[in-house]
Amino acid sequence: MALVVQKYGGTSMGSIERIRNVAKRVAKTYDAGNDMVIVVSAMSGETNKLVALANDICEFPDNREYDVLVASGEQVSIALLSICLKSMGYKAKSYHGWQVPVITDSAFSKARIEEIPDTNMRADLKDGTIVVVAGFQGIDREGNVTTLGRGGSDTSAVALAAALKADVCEIYTDVDGVYTTDPNICTDARKVEKVSYDEMLELASLGAKVLQIRSVEFAKKYNVDVHVRSSFNDNQGTMVTKEDKEMEAVLVSGIAYDKNETKIAVMNVPDKPGIAAKILSPLSDANISVDMIVQNVSESGHTDFTFTVTKADFKKALAITKETAKDIAAKDVVTDENISKISIVGVGMRSHAGVATKMFQTLAKEGINIQMISTSEIKVSVVIDAKYTELAVRVLHDAFGMSGKDVKGE
Ligand code: ADP
Ligand code: ASP
Ligand code: MG
């Protein structure tokens with residue numbers, strides 16, 4: 001008998017018919033003699049609707065109440081799945097995040113899980129109850145409802161698997177596993193059999209939304225093997241696991257894109273020590289993460305300072321930056337909301353030169369201009385005009401031979 005944690009995403013829970021399908025899958029694994037903890041997302045589209053409602057009611061919705069609102073989508077899902085399982089004759093019980101409790105810090109809308117006491121769940125598991133937990137949500141130490149950031153149910157699932165020392169952690173989604181790139185925009189994308197935690201961390205942080213980045217951080221920290229697979233068939237999916245020798249042989253193992261960033265440029269800033277800190281500190285004080293940063297070479301004592309933030313943080317970041325720009329006597333603040341970040345990722349890059357050059361040449365051949373560049377040991381990212389996203393992904397996928405037989409797992 002094993003303890004199995006399964007997570008079903010928005011599409012898998014997207015209709016009554018699909019919830020029935022999820023219940024049947026859960027029942028099958030339960031009938032095979034396993035203890036089960038199920039984590040579910042809101043039905044597809046519901047969280048977007050809730051976010052839109054918050055933004056319709058005022059420009060900067062209160063952070064605490066925003067989380068109360070957006071957490072409600074998952075409440076519908078836990079209830080419907082539990083009702084369905086009970087109607088099939090199974091013992092099941094729904095849990096809000098606070099009923100587990102999933103204890104987080106107080107960073108509303110991007111809270112981090114700090115602790116998950118397992119006493120309540122264990123008691124239910126012991127008498128054969130299927131525990132159905134709302135993903136994406138938790139409670140802080142003051143008793144406020146918190147949410148974990150978009151896609152956060154993945155993190156709920158992996159954190160629960162770590163807390164319960166589960167034998168299996170399965171993430172059920174609408175694709176068969178982790179692919180060389182998003183299979184919905186590149187028909188040549190190939191499923192990979194396994195991917196290392198570090199590669200998956202990069203892919204997730206660079207836009208491959210198949211797993212939320214924090215779920216991979218948890219998996220790596222607590223050594224949880226995560227099996228990403230489809231809720232619509234029984235195919236073997238992708239194992240996200242420890243790095244091995246085979247993985248190093250592959251130069252580029254994945255391509256990610258992210259249309260969720262925006263660019264803010266502070267123009268004509270007096271180029272003095274401390275300028276970067278002056279511009280960026282008020283943003284970090286407001287809990288806004290800045291991703292890519294470029295500072296131009298100074299001309300006659302002035303420079304341009306450009307950075308990217310997510311679309312969700314854009315309005316707030318712009319308001320803050322305009323204030324800072326006044327303080328530091330910058331000439332102007334200009335923005336671009338139509339950008340896209342394209343990244344190539346692979347542990348093999350550590351030991352191979354020329355990967356970045358090949359990427360730049362491939363994009364140049366298509367006339368795609370690179371606006372910003374950033375690199376790490378195992379990735380190269382570029383910012384380009386959003387209209388070239390699909391084209392860039394496809395030509396890079398091709399250039400690095402990723403649809404060929406050199407793809408690991410083939
Ligand atoms: P869920 O609702 O199940 O959490 P998501 O929509 O969050 O599902 O994540 C699954 C989606 O991730 C897929 O439909 C696919 O479009 C996208 N995706 C992006 N990059 C990849 C990749 N490399 N491999 C697989 N899926 C990817
Ligand atoms: N429902 C939340 C979202 O749409 C969490 C999740 O799906 O993982 O972001
Ligand atoms: Mg998701």
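Computed from a predicted model, the values in this text were never measured in an experiment. Start at 1 and go down the list; that is how both ligands and their atoms are numbered.
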Taking a 3.5 Å cut-off between nitrogen or oxygen atoms, can you list every pair linking ligand 1 to the protein, with distances?
residue	atom	partner	partner atom	Å
ligand 1	2 (O)	Gly10	N	3.1
ligand 1	3 (O)	Thr173	OG1	2.7
ligand 1	4 (O)	Lys7	NZ	3.0
ligand 1	6 (O)	Lys209	NZ	3.3
ligand 1	7 (O)	Lys209	O	3.4
ligand 1	8 (O)	Thr173	OG1	3.1
ligand 1	14 (O)	Asp174	OD1	2.8
ligand 1	14 (O)	Asp174	OD2	3.4
ligand 1	14 (O)	Asn184	ND2	3.1
ligand 1	16 (O)	Asp182	OD1	2.8
ligand 1	16 (O)	Asp182	OD2	3.2
ligand 1	16 (O)	Asn184	ND2	2.7
ligand 1	23 (N)	Tyr179	O	2.9
ligand 1	24 (N)	Tyr179	N	2.9

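Under 4.0 Å is where a charged nitrogen must lie from a carboxylate oxygen, and between Glu337 and Lys311 no such pair does. Under 4.0 Å is where a charged nitrogen must lie from a carboxylate oxygen, and between Glu115 and Arg141 at least one such pair does. Salt bridge annotation for Asp291-Lys263: absent, with no cationic side-chain nitrogen under 4.0 angstrom from a carboxylate oxygen.
Summarising the geometry of Val347 relative to Glu199, their closest heavy-atom pair is N-OE2, 3.2 Å, with the distance given to 0.1 Å. Shown here for Ala71 and Gln137, the closest heavy-atom pair between the two residues is O-NE2, 3.1 Å.
Residues Phe360 and Ile373 have side chains in contact (heavy-atom distance under 4.5 Å, counting atoms from C-beta outward).
The protein residues lying under 4.0 angstrom from ligand 2, judged by non-hydrogen atoms, are Ser41, Ala42, Thr47, Glu74, Phe136, Arg150, Gly151, Gly152, Ser153.
Screening residues 205-214 for side chain to side chain donor-acceptor pair (under 3.5 Å) gives Thr155-Gln212 as the qualifying pairs, with residues at least two apart or on separate chains. Identified under the ring-ring contact (aromatic ring centres under 6.0 Å, His included) test for residues 12-70, with sequence neighbours left out: Tyr30-Tyr90.
With Met372 as the partner, the side-chain contact (heavy atoms from CB on, under 4.5 Å) test is satisfied by one option alone out of Ile293, Ile339, Thr306, Val382: Thr306.
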